[in-house]
Amino acid sequence: MSQEKRIHHSGLQHKICSAEDAAKWIKHGDLVGVSGFTGSGYPKAVPGALADRIKQAHSEGEEFQIKVLTGASTGPQMDGVLAEVNGVSYRSSFNTDPKMRERINNGDTTYFDMHLGQVASFYRSGAIGDMDVAIIELSSIRADGTLIASSAVGNNQLWLNSAKKVILEVNSWQPAELEGMHDIWEVTTTYPQEIIPLRNPSDRIGVDYMTVDLDKVVAIVETNSHDRNTPFSPPDDNARMIAGHLMEFLKDEMKEGRIPQEFLPLQSGVGNVANAVMEALSKEDFENLMAYTEVIQDGMLTMLESGKMSVASATSFSLSPDKVQYFNNNIHKFRDKIILRPQEISNHPEIIRRLGCIAMNAAIEIDIFGNVNSTHIMGTRMMNGIGGSGDFARNSKLTIFMTPSLAKNGAISAIVPMVSRVDHASMDVHAVVTEHGLADLRGLSPKQRAELLIEKCAHPNFRPLLREYYNKGLDNGSMYTPHHLKEALSWHERFVDTGSMLP
């Protein structure tokens with residue numbers, strides 16, 4: 001479909017302009033709300049034009065940086081170009097761009113990490129001030145002026161409501177057939193808040209469009225540019241073994257009656273392990289599976305098409321290049337099976353707990369007592385952010401963290417004496433699984449957890465060292481949580497010094 005047919009409101013035609021002209025509405029120090037979630041639905045033209053302005057200003061000795069709030073991660077055309085020119089003084093809430101990560105870890109950009117389900121309430125609290133500009137990608141604008149989101153909903157409606165000025169990017173690369181796939185429902189801002197009337201992942205409780213005060217729209221930019229769509233590594237042997245252990249666990253849970261025969265809604269992170277889990281689920285006898293999650297990934301799309309999964313509710317897509325092309329060409333197959341919601345709804349604890357979700361997320365490292373680090377490398381350098389894993393970990397019926405037992409070609413153990421950063425406390429972790437096995441931690445004391453995690457999940461190369469550490473804690477008289485504090489982070493120190501956790 002041509003770009004001209006994406007903007008159907010005649011009164012907005014005179015606001016169509018170049019990305020360069022649109023970027024002129026953004027000033028130094030502005031708080032800018034940006035669409036996008038996990039590499040989908042983010043603006044792709046205006047940020048580049050803004051980066052050129054910032055670069056020019058810096059070359060002339062002028063200050064020019066903005067503060068950025070997003071739904072989650074964007075892509076190189078947004079975070080990447082702005083990071084390259086050091087154009088962001090403050091960034092929240094989630095990032096995967098390597099150039100922005102470098103700015104954050106070097107201290108050039110202040111980064112505030114938070115649970116993605118809480119971004120909207122954080123903004124409404126007023127703690128960060130008023131939003132000056134919103135840049136929102138759309139798939140189309142209707143004749144009545146209502147807006148159709150693209151491949152992510154995120155916090156779009158809140159940014160549209162809040163910003164003093166609004167810039168719209170209408171992206172004709174996004175399928176026009178996305179119209180009807182969104183379900184926009186806004187959480188009430190007075191207390192006590194209304195109960196969110198969602199009892200099933202397939203429920204639609206809102207409208208399929210977003211709204212904006214058209215007088216606030218200062219510029220509309222037409223684009224034709226693809227989402228980030230990063231290729232995923234195919235599932236390897238470790239990922240498939242992790243998936244196999246998880247399948248046995250889920251089948252046992254059903255056999256014991258702890259998971260109903262009609263199963264429970266699935267939440268899953270992204271990556272090769274997550275796709276291996278979806279692949280394994282598709283081969284089991286489970287039928288009519290449902291997803292209540294943040295992102296729809298490759299494996300879920302395959303399950304939706306085959307009928308193994310009946311519905312997937314999320315706030316965005318996170319697809320590989322091949323899968324996104326297939327989806328765009330065959331969107332008619334998925335229109336009645338996918339619902340995209342605001343992230344405040346997709347990640348809302350009220351709904352997650354009501355539905356009884358099964359949460360499956362990745363970890364960077366896990367200590368022998370079940371605490372999880374999902375954000376920091378060696379305790380000091382931010383990887384991506386906590387994302388939505390905390391929203392689901394604390395509130396799901398069953399919370400599982402998955403990781404290969406080794407990293408860096410065996411130099412790093414994912415099971416450590418003490419995590420260098422606690423993102424998920426042990427009380428929120430029900431099970432841990434690596435390629436070596438699954439540890440069911442429910443109802444266990446710290447000592448029982450340690451013994452099980454060492455035997456079931458740690459790599460054999462590190463088990464003797466973990467047992468030695470645990471025994472030193474016992475010898476020191478620490479009988480409830482046996483830590484040996486002098487050596488608690490010695491593995492991390494050794495890696496920093498020598499490049500390996502092994503002595």
Asks: Against the six-membered ring of Y42, is K44 placed for a cation-pi contact (under 6.0 Å from the centre, within 45° of the normal)?
Replies: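 K44 over Y42 ring: yes.
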Asks: For L158, does its backbone N or O pair with a side-chain atom of N155 as donor and acceptor, under 3.5 Å?
Replies: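 No.
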Asks: After noting the C-alpha distance and the side-chain angles of E248 and K251, does the key distance pass the salt bridge (charged side-chain N to carboxylate O under 4.0 Å, His left out) rule?
Replies: CA-CA 5 Å; E248 292 304 312; K251 286 188 285 188; 3.1 Å; yes
Asks: Between D227 and S151, is there a side-chain donor-acceptor contact under 3.5 Å, judged purely by atom types and distance?
Replies: yes
Asks: In a table with atom names and distances, give each donor-acceptor pair under 3.5 Å that connects a side chain of residues 116-123 to protein atoms at least two apart or in another chain.
Replies:
| from | atom 1 | to | atom 2 | distance (Å) |
| --- | --- | --- | --- | --- |
| S121 | OG | Q118 | O | 3.0 |
| Y123 | OH | M131 | N | 3.0 |

Asks: So, K323 and T302: side-chain donor and acceptor under 3.5 Å apart, yes or no?
Replies: yes
Asks: May I ask you to test the S202-M290 pair for a side-chain heavy-atom distance under 4.5 Å?
Replies: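 The answer is no; the side chains never approach within 4.5 Å.
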Asks: Looking at E63, I want to see if its CD is surrounded by more than 12 non-hydrogen atoms of other residues, nucleotides or ligands under 6.0 Å.
Replies: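 No.
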Asks: So, the side chain of R240 versus the backbone of P235: is there a donor-acceptor pair under 3.5 Å, distance only?
Replies: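 Checked: pair present.
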Asks: T96 and R228: side-chain donor and acceptor closer than 3.5 Å?
Replies: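 Side-chain D/A pair, T96 to R228: present.
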Asks: For E253, is there any backbone N or O sitting under 3.5 Å from a side-chain donor or acceptor partner on R258?
Replies: no
Asks: Can you see whether E435 engages S405 through a side-chain donor-acceptor pair at a distance of less than 3.5 angstrom?
Replies: yes
Asks: Surrounding CG of N409 (heavy atoms of other residues, nucleotides or ligands, distance under 6.0 Å), is the total greater than 12?
Replies: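 No, not enclosed.
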Asks: Does any part of the side chain of M114, heavy atoms only, come nearer than 4.5 Å to the side chain of S92, both counted from C-beta?
Replies: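 Side-chain contact under 4.5 Å: yes.
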Asks: Give a yes or no answer on whether the side chain of Q193 reaches the backbone of T188 with a donor-acceptor pair at less than 3.5 Å.
Replies: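 Confirmed, Q193 side chain pairs with T188 backbone.
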Asks: With no hydrogens and no angle check, do the side chains of S35 and N156 hold a donor and an acceptor under 3.5 Å apart?
Replies: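 N156 and S35 do not have a side-chain donor-acceptor pair below 3.5 Å.
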Asks: Hey, would you say the Y470 and H484 ring centroids sit under 6.0 Å apart?
Replies: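 No, the ring of Y470 stays outside the 6.0 Å limit from the ring of H484, centre to centre.
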Asks: Please name all residues satisfying salt bridge (Lys or Arg N to Asp or Glu O under 4.0 Å) with R124, sequence neighbours left out, ordered by chain then number.
Replies: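 E344.
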Asks: Under a 3.5 Å threshold, yes or no: a donor from one side chain and an acceptor from the other, between N476 and S478?
Replies: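 The criterion, which ignores hydrogens and geometry beyond distance, is not satisfied for S478 and N476.
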Asks: Only pairs at least two apart or in different chains count here, so list each side chain to side chain donor-acceptor pair (under 3.5 Å) that has a residue in residues 488-503.
Replies: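 Matches after skipping sequence neighbours: E365-H492.
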Asks: Indicate yes or no: at least one non-hydrogen side-chain atom of K456 is less than 4.5 angstrom from one of H436.
Replies: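 Side chain of K456 against side chain of H436, heavy atoms only: no contact under 4.5 Å found.
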Asks: Counting only N and O atoms by type, is there a donor-acceptor contact under 3.5 Å from the side chain of N275 to the main-chain atoms of V277?
Replies: no
Asks: Check the side chains of R421 and T380 for a donor-acceptor pair under 3.5 angstrom, ignoring hydrogens and angles.
Replies: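 Absent: no donor and acceptor within the cut-off.
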Asks: Establish, yes or no, whether a centroid distance under 6.0 Å links the rings of H424 and F401.
Replies: yes
Asks: Quiz question: by atom type and distance under 3.5 Å, do the side chains of R341 and S313 form a donor-acceptor pair?
Replies: yes
Asks: Does the salt bridge (charged side-chain N to carboxylate O under 4.0 Å, His left out) test come out yes or no for E451 and K447, once each step is laid out?
Replies: CA-CA 6 Å; E451 291 164 0; K447 288 198 297 183; over 6 Å; no
Asks: Between I196 and E350, what is the shortest heavy-atom contact and its length?
Replies: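 Reported closest heavy-atom pair: N-OE2, 2.9 Å.
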Asks: Would you please say whether a donor-acceptor pair under 3.5 Å links the side chains of T74 and D79?
Replies: yes
Asks: Quick one: does any side-chain atom of N272 pair with a main-chain N or O of S233 as donor and acceptor, under 3.5 Å?
Replies: no
Asks: Could you tell me whether the side chains of D423 and T375 share a donor-acceptor contact shorter than 3.5 Å?
Replies: yes
Asks: Under 3.5 Å, is there a donor-acceptor pair between the N347 and E294 side chains?
Replies: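 Yes - a donor-acceptor pair under 3.5 Å links their side chains.
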Asks: Inspect the surroundings of NE2 in H226 and state if more than 12 heavy atoms from other residues, nucleotides or ligands are less than 6.0 Å away.
Replies: no
